[in-house]
Visitor: 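Just passing along the structure, written as structure tokens.
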Amino acid sequence: MKPADPSPVSLVIGAASLELRRALGPSAWLVFEEMLLRSTTERGERIAHVSVRSMAAALGVAKDTVARALNRLRDAGLVSPAQPKNDRGLFEAGSYVIDVPDGLTLSAFELAPQVRTRKAAPGTGQLTLGIES
């Protein structure tokens with residue numbers, strides 16, 4: 001069953017992950033980060049409910065770029081596709097089990113209070129921020 005909204009998480013990248021980042025390359029690393037940030041913990045596993053197309057749109061890259069990156073992540077043993085069934089016995093789309101390697105830490109965080117922006121007068125080129133409490 002797909003969760004409604006994942007909890008906000010932050011990703012802390014430690015020195016132990018630098019070699020992995022170099023080995024994967026920039027595209028695969030970017031996709032991996034996106035999957036981690038969109039993932040939730042379910043039944044003791046880190047699961048990302050994402051599709052190739054949704055990640056491509058979010059990252060501003062082609063779907064083929066995301067597909068190639070996913071192949072690299074699968075080859076490295078970092079993600080594996082999962083196709084859980086829903087209550088009617090139909091497969092759900094776009095689920096991946098993620099193996100979080102050493103050197104990466106995910107932690108929940110609290111969202112900051114709502115920040116409201118107001119547009120400056122035309123032609124001034126300034127932006128005013130206000131914090132509501």
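Hydrogens, waters and symmetry mates play no part in the numbers below; they use all other heavy atoms, side chains included.
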Visitor: Walk me through it: do I98 and L78 pass the test side chain to side chain contact (heavy atoms under 4.5 Å, CB included)?
Guide: CA-CA 6 Å; I98 302 173; L78 296 172; 5.8 Å; no
Visitor: Within this structure, what is the NE2-OG1 distance for the pair H49 and T40, rounded to the nearest 0.5 Å?
Guide: 5.0 Å
Visitor: Taking side-chain hydrogen bond (donor to acceptor under 3.5 Å, both in side chains) as the test, write out the residues that go with D99, two or more places apart.
Guide: none
Visitor: Check the hydrophobic clustering (I, L, V, M, F, W, Y; side-chain heavy atoms under 4.5 Å; chains of links allowed) and say if V79 and I13 are grouped together.
Guide: yes
Visitor: Can you name the side-chain hydrogen bond (donor to acceptor under 3.5 Å, both in side chains) partners of S51, sequence neighbours left out?
Guide: S54
Visitor: May I have the list of side-chain donor-acceptor pairs in residues 61-70 shorter than 3.5 Å, sequence neighbours left out?
Guide:
none

Visitor: Which atom pairs, donor and acceptor, lie under 3.5 Å between side-chain atoms of residues 25-35 and protein residues at least two apart or in another chain?
Guide:
from : atom 1 : to  : atom 2 : distance (Å)
W29  : NE1    : E33 : OE2    : 2.6
E34  : OE2    : R38 : NE     : 2.9

Visitor: List for me each residue that meets side-chain hydrogen bond (donor to acceptor under 3.5 Å, both in side chains) alongside R53, sequence neighbours excluded, and say none if there are none.
Guide: none
Visitor: Please go through V97's hydrophobic cluster and name the other residues, only I, L, V, M, F, W, Y counting, with side-chain heavy atoms under 4.5 Å joining them.
Guide: I47
Visitor: To the closest 0.5 Å, what do you measure between CG (L24) and CZ (R72)?
Guide: 6.5 Å
Visitor: How long is the gap from CG on L20 to CG on L104, to the nearest 0.5 Å?
Guide: 7.0 Å
